[in-house]
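For reference, the structure discussed in these notes is given below.
Throughout, residue positions are numbered sequentially from 1 according to the sequence presented. Keep in mind that what you see is a predicted model, and the values were worked out from it rather than measured. Reckoned from all heavy atoms, side chains included, excluding hydrogens, waters and symmetry mates.
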Amino acid sequence: MTDKIKILWADDEIDLLKPHIIFLTQKGYDVTTVKSGNEALEELKQQSFDIVFLDENMPGLTGLETITQIKKHFASLPIVMITKSEEEHIMEDAIGANIKDYLIKPVNPHQILHCLKKHTENIRFITEKNSSDYQQNFRSISMKLMNNMSATEWIDIYKELVYWDIELESTTDENIKSIFRSQKEEANNLFCRFVAKNYTDWVSNRSEDKPLMSHTILKERLFPSLQEKQPVYLIILDNLRYDQWKVLQPRINELFRIERDELYYSILPTATQFARNALFGGLMPSEIAKKYPNYWVDENEEGNKNDHEHQLLDEYLKRYGINIKHSYSKVLNQEFARKTNDNLSNTIKTPLNVVIYNFIDMLSHAHTDVDIVRELANNESSYRSLTLSWFQHSPLMDMLKFLSEKKAKVFITTDHGSIRIKNPVKIIGDKETSTNLRYKVGKNLNYTDKDIFAVNNPQDIFLPKLNVSSKYVFAMGENFFAYPNNYNYYVNYYKDTFQHGGISMEEILVPFACLSPK
């Protein structure tokens, strides 16, 4: 070993364990021995250790008392208890004290060695194995990317890439991380071209390869469950990426059985005004503007663009002959969350309940505007971690516990995802051009970059036409639009922030899960 693993071994009969100490020293471990719990605590004040072996029955502080003291000051230090006793209550108390392992005397040197490898080298073994496994899968993914893939096959590729993104986040092999980032970027570039080539045919129903999209997902996946007798809850986590969903999933698994875990395609622009209205209305934006003009607010008009989601859902249900009572709640802060949870005992009697959580979207905006949040979520891994930390302590978790106990059926989804933007693309527009970084709509747009999906006639992709010459352009991959005026300040301010509205796997391929209570 290049860096020796440092062991602290506390046992009042430590002299009898000399053969074990010699064995471990020969294996390259650095072993410090003490004869009591108090001595162990003193030694921990003097130097750091990687693991502690602790006898349960020592004079003075017992093993369990010593564990309590160690955990107060060294919460993450792995502790292995060694005892002659097999009494169940001692074992339960030790496990309750958050020890890493429990060994029964007499122990032989190879038991100790196995325990050490399991608890001090486990992370290294896992990361090495993950790196090796990814290298074996790299060629398989590369071969798939060379094929002319379908919409479903692109979903499978993205799932695979998200899996490796999460698996490799703990590896220290920067070369492997660099290879993965390059492969993911290549996949994203190919995906963007795939969407640009096929999107118009999808929304015009001219393609047999049309995937489930924002305006069709509820009809296909939610509506059939409304015929059942149990209450249904549709929870929309605004701006939830698939990788964020995957780190939330293990906690949700504790409460629910996940019947369906799939991805669907968000419409363009991948922004709340368009994607979520399409989700609740079951129609494309221009169809909503035409059929329900009172419920649609154009890009250049004042007012909240998502104020009529409840009414759009009501009309959607009516069009398909679903005449049921339904509730709608939008959680914008802790006070809204508390009121929503307080009302759960009433809504549990309602056949359909929609709850929108805006936290992740607010986190995305805070990441742009608040320096401390930019520091806390400065890459995809930390962004996932921050999302998980919020979720575990959120009112939403309390809601899900309640719904699981009440045997409700729950659907969790989102309207769109987001991508960490890196590459500025210069664009020129008039004062009426939209401000979004990932898409622009206007009548005088000038740009030179080829990595743009331009739609000269918005009606071709069922978007409202603001005036005769207005068109939409969408940034692809990690690009974002920047005006030449004050260019450097603008670029530095927005680079490496999480944005949405354009074309990327992270924005378009979004989760939809069906949960049943256990």
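A salt bridge is defined here as a Lys NZ or Arg NE, NH1 or NH2 lying under 4.0 Å from an Asp or Glu carboxylate O, and D238 with K330 fails to meet this definition. The pair R241-E507 does not count as a salt bridge, with every side-chain nitrogen at least 4.0 angstrom from each carboxylate oxygen. Here K184 pairs with E506 in a salt bridge; the nearest charged N to carboxylate O distance falls below 4.0 Å. Using a 4.0 Å cut-off between a side-chain N of Lys or Arg and a carboxylate O of Asp or Glu, R276 and E309 qualify as a salt bridge.
The cationic atom of K495 (NZ for Lys, CZ for Arg) does not lie both less than 6.0 Å from the six-membered ring centre of F480 and within 45° of the ring axis.
Side-chain contact of S142 with Q183: a donor-acceptor pair under 3.5 Å is present, judged by distance alone. A side-chain donor from one of N379 and S382 sits under 3.5 Å from a side-chain acceptor of the other. For the residue pair D430 / T433, a side-chain donor-acceptor distance below 3.5 Å is found, with atom types taken as modelled.
Between Y490 and Y483, the ring-plane angle classifies as tilted under the 30° and 60° cut-offs.
Judged by distance alone, with hydrogens and angles left aside, the side-chain atoms of T347 form a donor-acceptor pair with the main-chain N or O of L344 at under 3.5 Å.
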For this session: Under the salt bridge (charged side-chain N to carboxylate O under 4.0 Å, His left out) rule, what do K144 and E160 come out as? Steps first, then yes or no, please.
Result: CA-CA 11 Å; K144 291 175 184 176; E160 197 168 355; 3.2 Å; yes
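Partner of Y316 under the ring pair (Phe, Tyr, Trp, His ring centres under 6.0 Å) criterion, out of Y295, Y292, F223: F223 alone.
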